[in-house]
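A short worksheet on the structure shown next.
Heavy atoms only: backbone and side chains are in, while hydrogens, waters and symmetry mates are out. Here is how names work: the chains are called A, B, and so on, in the same order as the sequence lines, proteins then strands, and each is numbered from 1. Quick caveat, the model's predicted, so the values are computed rather than measured.
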Amino acid sequence: MVCAVRGLVKTYPAARGRRGVPAAPAVRASDGIDLEVRRGEVFGLLGPNGAGKSTLVRQLTGLLRPDDGSVHVLGHDLVRHPERAARLLGYLGQDSTALDELTVALAAETTGRLRGLDLRAARAERDAVIEELGLGELAGRPLKKLSGGQRRLACLAAALVGERPLLVLDEPTTGMDPVARRAVWAAVDRRRAERGVTVLLVTHNVIEAETVLDRVAVLERGRVIACDTPAGLKALVADEVRVELVWRDEPPLEAPGVAALREAARASGRRWTLRMAPEQARAAIATVTGGPAFAALDDFTLATPSLEDVYLALGGRSEGAEGLVKA
Amino acid sequence: MSVVPAEAVSGEDARPGAGAPTGGAPRPGGDAVPAPLAARARLLPALAAVYRAQLSRARVARIPLLFVATFQSVGIMILMRGVVDGGVEARSVVAGSSVLVVAFVALNLLAQYFGQLRASGGLDHYATLPVPPAAVVLGAAAAYASFTAPGTAVTAVVGSALFQLPMAHLWVLVAVIPLSGAALAGLGAALGLLAPRQELATLCGQLGMSAALLLGVLPAERMPAVVSYARDALPSTYGVEALARSFDSSPDWLVVCADLGVCAAVAVVSLTAATWAYRRAAVR
């Protein structure tokens, strides 16, 4: 076991309203969380914005003290000894302010030195990781001058310098193009294969979660509502498929059968999403492609369930599902 | 590098099995034997790394501000030339304007930097690295203080030429810049890290710089008693005094050293406070 969390509770106190800032009620950002991460796995935390993913991660990295519960990482009690986290894990946070005005190379080298490497080792690891992530051409440029995805990749480079048995990555691929994403997952895989590194990954991207995670915990309002392999979770909703309809303009409610579909659909602009049994889905597709409704149809898809459907089936807020990214 | 450097297992809290339950039961959810901890970064190498990174940051982003600080000080001296005509007053104008450059960068800009770092969550980066808090604070303070050196020297030389003051003892800047720089940078870092909001950190930095300007540049003899107490309480004053005394043909070095000693003492106190504030801000 690399990381074990028991009964974790964290409540942010209510904030008094100030001029221009409305008052906020107390928020229970972690509400009795239990988790176990096994050695060598890529473990994901999936949930929409505000589900409590980053709060959980900040408690796992010793940055935030929980109100109650325990966090053990590699056998160390991080609630009692939060300062040990820095010597056990590498952390990629969401903010890059500390590195923004440094060049990519200096950011990686400095981080390595502050992780306890001597100058020679820090420079060797800097060069290796810059090469590995394909950042060679950008090495001499300040992070501030890079695009969002490039900057994220540079921050990841800094997080990877100086080996650690556990990597905690908070939305590492935000804003990255596919080439950069592939470089990230290749780097993660290599560390796992060669050194048995464990990865704890925060994401709100369901496609990414399905393709890279070994196991995933689904978070909703500070609680883990499910925890299994992506395939295991999807088996929960295996008897359903998802139909998406996109209309050219106004939906043709007068066409036969369309009004009935409207009842079952979750509409978001011109897009309708329906979850139904496969035979119903076939009938629905026949309805919209066969009759006069077809003229009004822009696009349709029929798909097997994704983790987003799992999230909804488990009782996730429907508005919360909008926070899950599918691209 | 190995994940387990030799020194990692020599630390007291890193002994395998240290703190493990004696009953033989596995600890809750953890491995029976805690994994060895990676080495901490040692103070001096970490300080050097932070210093180098901060100086490069300053070079990239702060050079225009150093120009502003220098032009501001030179402009003030040109203005004051119409008011004072040599003597003791001219010395304090030149010394005050020179130390003002230090206050602008070390106090004002460093308070803003730490305020911004704290507000944005940038401190997390340092807090998740095994680096001594003193290395982060001292490295940043030292970088900002040394970044003021060219502007301060230029201001002192231009001022001496403008008011026909002797430049023979300007070498004293070698002590004035680091000591008043350390005192003001420590103050700036502490303000930036303690201010509850980023805007307040900026405000404190600006006010501190304005105080250094008004109380340092204007001749002390004309001030009301209350204001002169405030002047005595401001650490930059002692840097100004030390520099002003060095314009004498035969300076009283004992008094100069006493002034610089005050700067050094304030530096120790304010940097200690800033380190404490950093520790407090890093773990919330």
Side-chain angles (χ1 to χ4, degrees), chain A residues 1-6 36 39 58 61-65 70 72-77 81-91 93-103 106-107 109-119 121-122 124-125 142 144 155 158 162-165 168 195, chain B residues 1-5 7-8 11 13-14 16-17 19-20 26-42 45-46 48-50 52-54 56-62 113 116-131 135-136 139 197 282-284:
Chain A
M1 201 65 61
V2 168
C3 173
V5 175
R6 293 273 175 275
E36 285 189 351
R39 193 176 297 276
R58 291 174 57 80
T61 48
L63 289 169
L64 195 66
R65 195 176 284 276
S70 70
H72 285 87
V73 170
L74 292 156
H76 295 270
D77 181 348
H81 306 286
E83 76 288 349
R84 289 187 190 171
R87 302 166 69 186
L88 292 166
L89 54 88
Y91 173 61
Q94 287 194 13
D95 183 80
S96 65
T97 320
L99 301 175
D100 267 349
E101 283 151 338
L102 304 179
T103 62
L106 190 57
E109 181 190 325
T110 305
T111 307
R113 298 222 60 198
L114 299 185
R115 219 168 249 137
L117 302 184
D118 63 38
L119 190 60
E125 289 212 23
K144 225 179 175 174
C155 288
E163 290 174 19
R164 291 288 188 264
V168 179
R195 301 172 211 146
Chain B
M1 198 200 92
S2 154
V3 191
V4 191
E7 66 236 72
D13 53 2
R27 44 178 55 226
D31 293 356
V33 179
L37 296 164
R40 278 195 193 93
R42 281 173 297 125
V50 173
R52 192 168 152 240
Q54 290 290 351
S56 120
R57 253 194 80 237
R59 270 209 308 273
V60 170
R62 302 288 179 270
Y113 173 66
Q116 181 207 4
L117 205 57
R118 181 169 168 223
S120 66
L123 280 182
D124 288 359
H125 175 74
Y126 292 109
T128 49
L129 296 172
V131 52
V136 178
R197 280 191 291 150
V283 178
R284 279 171 281 182

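- In plain terms, the two heavy atoms of A:D95 and B:G121 that are nearest each other are OD2-C, 3.9 Å.
- Here the shortest heavy-atom pairing between B:A127 and A:A86 reads O-CB, 4.3 Å.
- Here the CG-CD distance, from A:D100 to B:Q116, works out to 8.0 Å after rounding to the nearest 0.5 Å.
- Rounded to the nearest 0.5 Å, atoms NZ (A:K144) and CZ (B:R57) are 8.0 Å apart.
- Looking at every heavy atom in both residues, B:G122 comes nearest to A:A98 through O-CB, 3.5 Å.
- The minimum heavy-atom distance between A:R115 and B:P130, with the atom names listed, is CA-CD, 3.8 Å.
- Of the two parts of A:T103, neither the backbone nor the side chain holds a non-hydrogen atom closer than 4.5 Å to a non-hydrogen atom of chain B.
- Residues satisfying the side chain to side chain donor-acceptor pair (under 3.5 Å) criterion with B:Y113, sequence neighbours excluded, are B:Q54.
- Taking every heavy atom of both residues into account, B:S120 and A:T97 meet most closely at OG-OG1, 2.9 Å.
- One finds the NE2 atom of B:H125 at 12.0 Å from the CG atom of A:L63 (value rounded to the nearest 0.5 Å).
- Note that OG1 of B:T128 is 9.5 Å distant from CZ of A:R58, once rounded to the nearest 0.5 Å.
- Residues B:A53 and A:L106 come closest through the heavy atom pair CA-CD2, 4.0 Å.
- For A:T61, there are no side chain to side chain donor-acceptor pair (under 3.5 Å) partners, not counting sequence neighbours.
- Side chain of A:H76 to backbone of B:A35: a donor-acceptor contact under 3.5 angstrom is found.
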Test log, rule side-chain contact (heavy atoms from CB on, under 4.5 Å), inputs A:R113 and B:R52: CA-CA 11 Å; A:R113 298 222 60 198; B:R52 192 168 152 240; over 6 Å; no

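- Rounded to the nearest 0.5 angstrom, A:R164 CZ and B:L37 CG are separated by 9.5 Å.
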Can B:D124 and A:Q94 be said to form a side-chain contact (heavy atoms from CB on, under 4.5 Å), step by step? CA-CA 10 Å; B:D124 288 359; A:Q94 287 194 13; over 6 Å; no

